[in-house]
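Notes to accompany the following structure.
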Amino acid sequence: QVQLVESGGGLVQAGGSLRLSCAASGDTFSSYIMGWFRQAPGKEREFVATINRSGGITDYADSVKGRFTISRDNAKNTVYLQMNSLKPEDTAIYYCVGRERRFYSVSYSPSGYPYWGQGTQVTVSS
């Protein structure tokens with residue numbers, strides 16, 4: 001099993017940037033497909049991005065494509081989410097997620113990821 005801890009959230013003005021980090025421990029990080037979900041107040045959790053085990057393949061929700069970048073450093077057991085050109089509608093709790101798969105595939109459902117961090121709040125003011 002892997003334990004996930006997010007950091008880097010905060011308050012930022014529209015148009016600004018933030019970088020979220022997710023530190024993993026407890027298992028072989030490079031065995032996991034990693035990703036990010038978010039949950040805005042009153043809404044269901046939604047897919048943001050995923051990255052394959054080596055970091056060479058990424059997928060994004062249409063709402064963040066071109067603005068957010070997911071990356072990973074397997075030597076540091078860390079996955080990142082660089083968020084640029086932030087909008088008020090990006091305000092949410094952001095969760096780091098992981099699932100252990102030999103071959104890459106994308107799950108857009110929260111149920112596809114057994115491992116979750118505690119979440120970090122991102123607030124974008126207009």
Side-chain angles (χ1 to χ4, degrees):
Q1 292 189 354
V2 65
Q3 290 79 48
L4 305 173
V5 179
E6 304 96 334
S7 61
L11 173 64
V12 63
Q13 288 189 333
S17 298
L18 280 175
R19 188 176 83 155
L20 305 183
S21 299
C22 172
S25 62
D27 203 348
T28 306
F29 179 67
S30 60
S31 297
Y32 288 76
I33 296 168
M34 300 300 297
W36 293 90
F37 275 69
R38 67 185 182 185
Q39 186 169 23
K43 296 187 176 181
E44 295 184 350
R45 291 186 182 184
E46 65 170 354
F47 169 82
V48 175
T50 60
I51 188 166
N52 75 330
R53 293 164 55 185
S54 67
I57 303 173
T58 57
D59 286 276
Y60 298 93
D62 287 343
S63 59
V64 307
K65 202 171 292 184
R67 299 188 298 122
F68 290 12
T69 302
I70 187 171
S71 62
R72 66 190 295 164
D73 185 336
N74 286 344
K76 295 183 178 180
N77 291 351
T78 302
V79 61
Y80 305 97
L81 186 67
Q82 178 67 44
M83 305 185 295
N84 298 330
S85 303
L86 282 161
K87 305 175 181 180
E89 51 263 44
D90 294 318
T91 294
I93 299 174
Y94 283 72
Y95 296 92
C96 176
V97 299
R99 62 192 201 140
E100 192 174 14
R101 291 289 190 277
R102 183 175 180 185
F103 300 108
Y104 180 67
S105 62
V106 180
S107 174
Y108 299 102
S109 169
S111 63
Y113 300 86
Y115 303 107
W116 289 71
Q118 83 287 351
T120 186
Q121 176 71 48
V122 171
T123 303
V124 184
S125 63
S126 58

Original post:
Between G119 and E6, which heavy-atom pair has the shortest distance, and what is it?
Top reply: N-OE1, 2.9 Å
**OP:** Could you tell me the separation between the CE atom of M34 and the OG atom of S71, rounded to the nearest 0.5 Å?
**Re:** 11.5 Å
**OP:** Provide the closest heavy-atom pair for Y80 versus D73 in the form atom of the first, atom of the second, distance.
**Re:** CE1-CB, 4.1 Å
Original post:
For the residue pair Y94 and F68, does the interplanar ring angle fall in the parallel (under 30°), tilted (30 to 60°) or perpendicular (over 60°) class?
Top reply: tilted
Subject >> Basic-acidic side-chain contact under 4.0 Å: D90, K87 >> reply: no
Original post:
Is the cationic atom of R72 (NZ for Lys, CZ for Arg) positioned less than 6.0 Å from the six-membered ring centroid of Y32 and within 45 degrees of its normal?
Top reply: no
**OP:** Determine, using the 4.5 Å side-chain heavy-atom cutoff (strictly less than), whether I33 and Y60 are members of one ILVMFWY cluster.
**Re:** no
Original post:
Within 45° of the ring axis of Y113 and under 6.0 Å from its six-membered ring centre, is that where the NZ or CZ of R99 lies?
Top reply: yes
Original post:
How would you list, by chain and number, every residue that makes a side-chain hydrogen bond (donor to acceptor under 3.5 Å, both in side chains) with Q121, sequence neighbours excluded?
Top reply: T123
Original post:
Under 3.5 Å, side chain of N52 to main-chain N/O of I57, donor-acceptor pair present?
Top reply: yes
Original post:
Going by atom types only, do T50 and Y104 share a side-chain donor-acceptor pair under 3.5 Å?
Top reply: yes
Original post:
If only atom types and distance count, is the side chain of R53 paired as donor or acceptor with the main-chain N or O of S30 below 3.5 Å?
Top reply: yes
**OP:** Kindly give the heavy-atom pair with the smallest separation between G112 and P114, and that separation in Å.
**Re:** O-CD, 3.8 Å
**OP:** Any pair with a residue in residues 89-126 that passes disulfide bond (SG atoms under 2.5 Å apart), sequence neighbours left out, goes on the list, sorted by first then second residue, please.
**Re:** C22-C96
Original post:
Are any side-chain N or O atoms of T91 and backbone N or O atoms of V124, one a donor and one an acceptor, separated by less than 3.5 Å?
Top reply: yes
Subject >> CZ on R101 to OG on S107, rounded to 0.5 Å >> reply: 8.0 Å
Only pairs under 3.5 Å count here: list side-chain donor-acceptor contacts from residues 10-20, not counting sequence neighbours, and write none if there are none.
{"from": "S17", "atom 1": "OG", "to": "N84", "atom 2": "OD1", "distance (Å)": "2.9"}

Original post:
Nearest 0.5 Å, what's the CD-OG distance between E44 and S109?
Top reply: 9.5 Å
Original post:
Are V2 and L81 co-members of a hydrophobic cluster defined by side-chain heavy atoms under 4.5 Å apart?
Top reply: yes
Original post:
Nearest heavy-atom pair of G35 and I70: which atoms, and what distance?
Top reply: CA-CD1, 4.0 Å
Original post:
What's the shortest heavy-atom distance between F47 and D59, and which atoms?
Top reply: CZ-O, 3.8 Å
Original post:
Is any side-chain heavy atom of Y95 closer than 4.5 Å to a side-chain heavy atom of I93?
Top reply: yes
Subject >> Gap separating the CD atom of Q39 from the CD atom of E46, nearest 0.5 angstrom >> reply: 9.5 Å
